[in-house]
Amino acid sequence: MPSRRHMLHLLGGAAVAGPVQAAPREDLAAWLAAHAAPVRSLDFADEDFSDLAPLGAAIGRARLVQLGEPSHGAGTCFAAKARIVRYLHQRHGFDVLIWESGLYDVALADAAIGSGEDAMTA
C-alpha cells in the first residue's frame, strides 16, 4: 500500500449523516441479518484478518474512520477495536490514531511527558 497519511478517530459516539427515524424492531432485525459480518477473533495477535475484510470493503477509500463503544470501559469492545486498529494499519495504511480522552487526563499525560516520562507510561 502506498505511504499516505490517514486518520483513525475513535470516539464514544457515532456520526450520522441525515435524520434518524425509529423503525419497527422487525426491520432492524432484518437489516442486521442482511448486513452483519461475524468477527472470528478478538485476539490482537491474530493476523488472519479475513473476517475483517467486509469492514475494509465498507470503508473503501475513506481516509477517516471512527470507532465507538457502548461505554467507556467495555473490555471486549476495546479488544475488538485494538484488532481492528491493527488491521486498518497493516492492511489499509492508516497511520494516525486519535483517541478520545477527558481534558483532565490529557493535562496529566502532557505534564508527565513534559517532565520526561515515557509516553506509553504517561
Side-chain angles (χ1 to χ4, degrees):
M1 175 136 255
S3 177
R4 297 177 297 186
R5 297 293 293 178
H6 292 281
M7 184 182 303
L8 176 63
H9 198 162
L10 302 174
L11 290 173
V16 178
V20 176
Q21 297 178 359
R25 199 168 188 83
E26 301 78 32
D27 291 346
L28 177 60
W31 185 90
L32 285 171
H35 294 89
V39 174
R40 182 186 46 74
S41 172
L42 300 182
D43 182 1
F44 180 75
D46 184 348
E47 291 191 7
D48 173 4
F49 295 124
S50 59
D51 58 324
L52 298 180
L55 175 63
I59 291 169
R61 297 178 52 93
R63 296 180 48 128
L64 176 68
V65 176
Q66 177 180 332
L67 301 175
E69 71 265 355
S71 70
H72 297 306
T76 304
C77 180
F78 283 98
K81 287 199 307 186
R83 184 164 177 258
I84 290 169
V85 167
R86 186 173 192 187
Y87 163 73
L88 291 173
H89 175 68
Q90 290 183 0
R91 298 292 157 79
H92 294 275
F94 285 84
D95 61 0
V96 175
L97 176 66
I98 299 173
W99 203 280
E100 170 194 19
S101 186
L103 292 175
Y104 180 71
D105 301 326
V106 171
L108 288 175
D110 184 52
I113 292 168
S115 67
E117 189 170 328
D118 173 69
M120 290 299 290
T121 304

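Numbers here simply count residues along the sequence, with the first being 1.
Donor-acceptor pairing under 3.5 Å is lacking for the side chains of Ser41 and Asp43.
Of all non-hydrogen atoms in Leu64 and Phe94, the two that sit nearest each other are N-CE2, 4.2 Å. Arg91 and Glu47 get closest at one heavy-atom pair: NH2-O, 3.8 Å.
No continuous path of hydrophobic side-chain contacts links Phe44 to Leu52 [ILVMFWY only; heavy atoms under 4.5 Å].
Proximity of Ile84 to Val39: side-chain heavy atoms (C-beta onward) are nowhere separated by under 4.5 Å.
Under the side-chain contact (heavy atoms from CB on, under 4.5 Å) criterion, Thr121 pairs with Glu117, Asp118, not counting sequence neighbours. Shown here are the salt bridge (charged side-chain N to carboxylate O under 4.0 Å, His left out) partners of Asp51, two or more places apart in sequence or in another chain: Arg40, Arg83.
In this structure, CG on Leu88 lies 12.0 Å from NZ on Lys81, to the nearest 0.5 angstrom. One finds the CZ atom of Phe78 at 13.5 Å from the CG atom of Leu42 (value rounded to the nearest 0.5 Å).
Screening residues 48-70 for ring-ring contact (aromatic ring centres under 6.0 Å, His included), with sequence neighbours left out, gives Phe49-Tyr87.
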Would you tabulate the side-chain donor-acceptor contacts of residues 104-115 under 3.5 Å, counting partners in other chains and residues two or more places apart, or write 'none'?
{"from": "Ser115", "atom 1": "OG", "to": "Ala111", "atom 2": "O", "distance (Å)": "3.4"}
{"from": "Ser115", "atom 1": "OG", "to": "Ala112", "atom 2": "O", "distance (Å)": "2.9"}

